[in-house]
Amino acid sequence: MPTITYRQPDGSTLSVAVSDGTSVMRAALENDIRGIIGECGGQAMCATCHVYVGSTPELPPIAEEEQEMLECTAAPRDPARSRLGCQLKAGSDFEAIEVEIPARQV
Amino acid sequence: MTLDETVACIGAGHAGVQLAESLRTEGFAGRIVLIDEQEHLPYSRPPLSKEFMTGTEMAPLPLKGASWYAAHDVTLHTGTRATSIDRERRRVHLEDGSALGWNHLVLAQGARARTLDVPGSTLAGIHTLRTLNDAKGLRAPLARSNRVVVVGAGFIGLEFACAARATGLDVTVVDPAGRALARSVSSVTAAALVSRLEAAGTHFSFETSVLAFQGEDHVRRVLTSNGDLDADLVVIGIGVVPRDELAHEAGLEVDGGIVVDSALLTSDPNITAVGDLAVSSSTGARTECVQNAADQARYVAQRIVGKTAEQYAHVPRFWSHLGPNRLQIVGTWTGSDNSELAGNPDGAFSIRHYRGSSLIAVESVNQPREHMQARKALESRLSVA
Ligand SMILES: Cc1cc2nc3c(=O)[nH]c(=O)nc-3n(C[C@H](O)[C@H](O)[C@H](O)COP(=O)(O)OP(=O)(O)OC[C@H]3O[C@@H](n4cnc5c(N)ncnc54)[C@H](O)[C@@H]3O)c2cc1C
Ligand code: FES
């Protein structure tokens, strides 16, 4: 099973095992991970699932709509590491991933 | 109210669950009880008419994981309908005969899909789409139908039309109005979206009313003011009715929704209403979107714990997803006296709406950057106001 590790702004981490196809956003909601809202339900429309990707294998390129939404995140964007959690899917995009949760989403 | 009292909320949708979360985040230490007639773990609605319809994901997106409620000491009564409100004794009566006391009550029952009452409207194959059960009930028929008639060119109707078209079905949308999305977007945006859906093969019949449905047990034909249409699946998307009946029976002021003041209080100072069913006493309008439900709930939580004495004020925003067309709206465009188009109506574009020289709303299709910039501009103005 793929795993996702979430790192909170205070440094605490939690790893969860998820089934293929689960997004970083969905897994956060399902596992009570603070700091990811997902207001639009995973449609790259709200940018409230912003994460900074840590040590990870290559991720698929950022689609244009994701790119544009990332320009306006509540916490500063890190050009090298910012992604929308709803656009990263376990299995197809990564087997193991560590993401850092920004201090703010709205 | 003091912080060790009970807040009960009828309805565990977008507003109810956000209220519970925000109350805890704001430091409320009392009892929180959420009551919902649906048996499911509270879930997100927007995906239901979009990727859930055609996708492979069988599970709805939960608003919170199952463990969240216990971890935050929130009592979740699902599968239980509230049947009456006793304002004198501050109790909610539940369907199972039990009653629940509260110090403050929040009404967040949302709305139900409006039904169409014409001959034949009880035939099988005629659906509405509001709940997870509705959405589940549409997936199998979608896979075995050929011809779909969607009644109503609002967001639910168009989103469903896109999903049905994406699976290759023959889709016709009928609406008595002269254009799509008449209540929600400007005519330029509506026309641009409709022509894209048409290019993708969806048929439209405007200024067309449904007169009757025909079929033996199952719908086979739709009789309209503009000719007959064959159909083996019909989805009615003609808007919603606020679920204000309990409030009405309890003697609260109701007028096309539960009337609330600028602090979202009903005519009883111990009862608040939020989300789809709340109608503003100053504008006479209800707002049906996730952002409104969530923002109102966040505000009410702050008000309950005494962190704000201000009036509720937020810039509304909305999104919809029609196949590859991504619509985002911020602000309220009605009341604009001049508008400006930026971009190409055949591709990515935005329409900026002004009243005099001040920007009041922006509609964007496939221009998220424009949307987010407009959102920041409009929200920052609110915070200085
Ligand atoms: C298919 C669909 C797609 C949508 N897409 C979008 C979108 O793309 N963007 C957007 O912004 N908005 C969208 N919306 C609208 C959005 O979902 C609503 O605005 C939002 O859900 C309103 O939240 P609410 O909490 O007021 O009501 P709801 O989320 O409807 O919750 C109300 C809850 O109260 C419960 N209830 C009612 N009466 C009782 C009772 N007597 N006892 C117990 N429980 C009761 C109901 O079961 C329900 O769970 C969509 C809605 C639907 C149905
Ligand atoms: S959940 Fe809204 S952008 Fe990811």
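Note on naming: letters A, B, ... go to the chains in the order of the sequence lines (proteins, then strands), and numbering restarts at 1 for each one.
Contacts between residues 318-328 of chain B and chain A, counted as heavy-atom pairs separated by less than 4.5 Å, involve W319(B), S320(B), H321(B), R326(B), L327(B), Q328(B). Residues of residues 287-302 of chain B lying under 4.5 angstrom from chain A, judged on non-hydrogen atoms, are V290(B), Q291(B), R298(B) by number.
For P60(B) against R26(A), the heavy-atom pair with the smallest separation is O-NH1, 3.2 Å. P62(B) approaches L29(A) most closely through the heavy-atom pair O-CD1, 3.5 Å. Listed here is the closest heavy atom pair of C40(A) and P46(B): O-CB, 4.5 Å. Between G41(A) and L61(B), the closest heavy-atom pair is CA-CD2, 3.5 Å. Looking at every heavy atom in both residues, K376(B) comes nearest to T73(A) through NZ-O, 3.8 Å. Nearest approach of M372(B) to C72(A), heavy atoms of both residues: CB-SG, 3.0 Å.
Residue contact with chain B, scored on non-hydrogen atoms closer than 4.5 Å, involves the side chain of A47(A) exclusively. Proximity to chain A is absent for every atom of R45(B), based on heavy atoms less than 4.5 angstrom apart.
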side-chain hydrogen bond (donor to acceptor under 3.5 Å, both in side chains) between E51(B) and Q43(A), worked out: CA-CA 9 Å; E51(B) 69 262 29; Q43(A) 303 180 321; 2.8 Å; yes

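Surrounding CZ of R81(A) are more than 12 heavy atoms belonging to other residues, nucleotides or ligands, all under 6.0 Å away. More than 12 heavy atoms of other residues, nucleotides or ligands shown are found within 6.0 angstrom of CD on Q8(A).
Per-residue counts of heavy-atom pairs under 4.5 Å with chain A were compared for K50(B), Q373(B), Q367(B); the largest is that of K50(B).
One finds the CH2 atom of W68(B) at 14.5 Å from the CD1 atom of I33(A) (value rounded to the nearest 0.5 Å). Summarising the geometry, atom CG belonging to N366(B) is positioned 9.0 Å from atom CD belonging to E64(A); distances are rounded to the nearest 0.5 Å.
Within the 4.5 Å cutoff, no side-chain heavy atoms of H371(B) are placed close to those of M45(A).
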